[in-house]
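Step one of this worksheet: look at the structure below.
Each chain gets a letter, A, B and so on, in the order its sequence line appears, and its residues count up from 1.
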Amino acid sequence: MADDLRRNMALFPIGIVMKLTDLTARQIRYYEQHELIVPARTSGNQRLFSFNDVERLLEIKSLIEKGVNIAGIKQVMNPVSKESEEATVVSEQSEVKRRELSDTQLHRLLKQQLMEKRPGKASMIQGQLSRFYNKN
DNA sequence: ATTCTGACA
DNA sequence: TGTCAGGA
């Protein structure tokens, strides 16, 4: 359990994260603007990512590929409370619950989006149901 | 050599 | 999202 201490320590610069996640610096910075990730900064204002940040980015990437946009991801993903170090204090159970909840929320969100889908207006979810079922 | 922010022919 | 500028 002193594990996430390591998972949360800021280690790599954006360049490495780009290779690790196959995301562009543009995307990574964009997701940060939308508070999907909160990487640490060096004294020189350079971003430093932790393993947790990379994991989140991979999750985000996965959702993006499923056709979920930022708005949808914000609702499905656990907001980065305090500094990811906070989540470190919660029990392993709540960790599991959060995942289950996320899935439920995704399902609800998808249904919700499909319903209120009005012509002309861009929907939050662009993918179809099929995409949702063969997830991960 | 890398990364950062802001902006858009 | 890509990409270029101008600075650190």
Side-chain angles (χ1 to χ4, degrees):
Chain A
M1 257 158 245
D3 237 57
D4 30 54
L5 191 162
R6 265 163 288 193
R7 296 187 173 232
N8 282 317
M9 75 181 146
L11 300 174
F12 13 69
I14 199 168
I16 291 179
V17 178
M18 288 174 70
K19 297 176 181 176
L20 260 37
T21 64
D22 284 301
L23 290 171
T24 64
R26 179 75 162 80
Q27 294 177 299
I28 296 172
R29 292 172 185 139
Y30 180 73
Y31 302 149
E32 177 186 21
Q33 287 192 299
H34 288 272
E35 308 175 274
L36 266 36
I37 53 170
V38 186
R41 296 285 183 141
T42 65
S43 46
N45 197 42
Q46 304 280 111
R47 268 167 272 251
L48 281 188
F49 303 75
S50 66
F51 278 93
N52 274 180
D53 292 326
V54 175
E55 279 182 28
R56 288 183 69 84
L57 284 171
L58 289 174
E59 240 185 277
I60 294 169
K61 183 193 170 197
S62 170
L63 289 171
I64 289 295
E65 296 175 325
K66 293 182 191 313
V68 182
N69 63 185
I70 308 301
I73 295 178
K74 282 184 181 177
Q75 293 175 51
V76 178
M77 269 181 85
N78 323 313
V80 179
S81 45
K82 314 307 174 196
E83 290 129 61
S84 45
E85 291 132 57
E86 162 281 338
T88 293
V89 187
V90 293
S91 69
E92 224 176 272
Q93 280 249 312
S94 62
E95 184 63 39
V96 176
K97 279 192 175 182
R98 286 200 301 177
R99 286 201 169 296
E100 298 176 346
L101 198 64
S102 290
D103 245 40
T104 300
Q105 287 180 52
L106 215 197
H107 200 165
R108 171 186 61 61
L109 181 65
L110 183 66
K111 192 188 300 175
Q112 170 196 308
Q113 295 302 311
L114 291 178
M115 301 275 287
E116 69 182 49
K117 195 164 192 169
R118 280 165 292 183
K121 190 186 180 191
S123 60
M124 292 207 297
I125 295 182
Q126 312 152 345
Q128 310 90 321
L129 283 167
S130 58
R131 286 290 180 81
F132 176 73
Y133 291 105
N134 29 280
K135 52 188 176 181
N136 296 329

Using the criterion of both pairing distances under 3.5 Å for Watson-Crick and G-U wobble pairs, give all stems of 3 or more consecutive pairs involving DNA chain B. B:4-8 with C:2-6
Measure the spacing between CG of A:Leu20 and CD1 of A:Ile28 and express it to the nearest 0.5 Å. 9.5 Å
At 4.0 Å (heavy atoms only), tell me whether A:Gly15 reaches a base, stays on the sugar-phosphate, or touches nothing. sugar-phosphate
Using atom CD1 of A:Ile16 as one end and atom P of B:dT2 as the other, report the distance to the nearest whole Å. 11 Å
Out of B:dT3, C:dT1, B:dC4, whichever nucleotide has its closest atom nearest the side chain of A:Arg47: B:dC4
Between C1' on C:dG2 and CG on A:Leu23, what's the gap in Å once rounded to a whole number? 14 Å
Please tell me if the side chains of A:Tyr31 and A:Ile70 come closer than 4.5 Å, counting only heavy atoms from C-beta onward. yes
Starting at CE of A:Met9, measure out to CG of A:Asp4 and round the result to the nearest 0.5 Å. 11.0 Å
Between A:Lys74 and A:Glu35, is there a salt bridge with N-O shorter than 4.0 Å? no
Mind calculating the distance between CZ (A:Arg41) and P (B:dT2) to the nearest angstrom? 19 Å
Does B:dT3 have OP1 or OP2 sitting under 4.0 Å from an N or O in the side chain of A:Gln46? no
Rounded to whole angstroms, how far apart are CG on A:Asn45 and P on B:dG6? 10 Å
A:Lys61 has an atom NZ; how far is it from atom P of C:dT1, in whole Å? 12 Å
At under 4.0 Å between heavy atoms, what does A:Arg29 touch on the DNA or RNA strands: base, sugar-phosphate, or nothing? base
Interatomic distance where CG belongs to A:Asp22 and P belongs to C:dT1 [whole Å]: 13 Å
DNA chain B nearest-nucleotide lookup for A:Arg26 and A:Gly44: closer to the 5′ end is A:Gly44
Between A:Tyr31 and C:dT1, does any side-chain N or O lie under 4.0 Å from OP1 or OP2? yes
Distance check needed: C:dT1 P versus A:Glu32 CD, whole Å only. 15 Å
CD-CG distance between A:Glu32 and A:Asp53, expressed to the nearest 0.5 angstrom: 9.0 Å
Evaluate the side chain to side chain contact (heavy atoms under 4.5 Å, CB included) criterion for residues A:Gln27 and A:Met18: first the C-alpha distance (whole Å), next the side-chain angles of each, then the deciding distance (0.1 Å), finally the verdict. CA-CA 9 Å; A:Gln27 294 177 299; A:Met18 288 174 70; over 6 Å; no
Can you find a heavy atom in the side chain of A:Leu11 that is under 4.5 Å from one in the side chain of A:Phe51? yes
Using whole Å, what does the distance between atom C1' of nucleotide B:dA1 and atom NZ of A:Lys19 come to? 12 Å
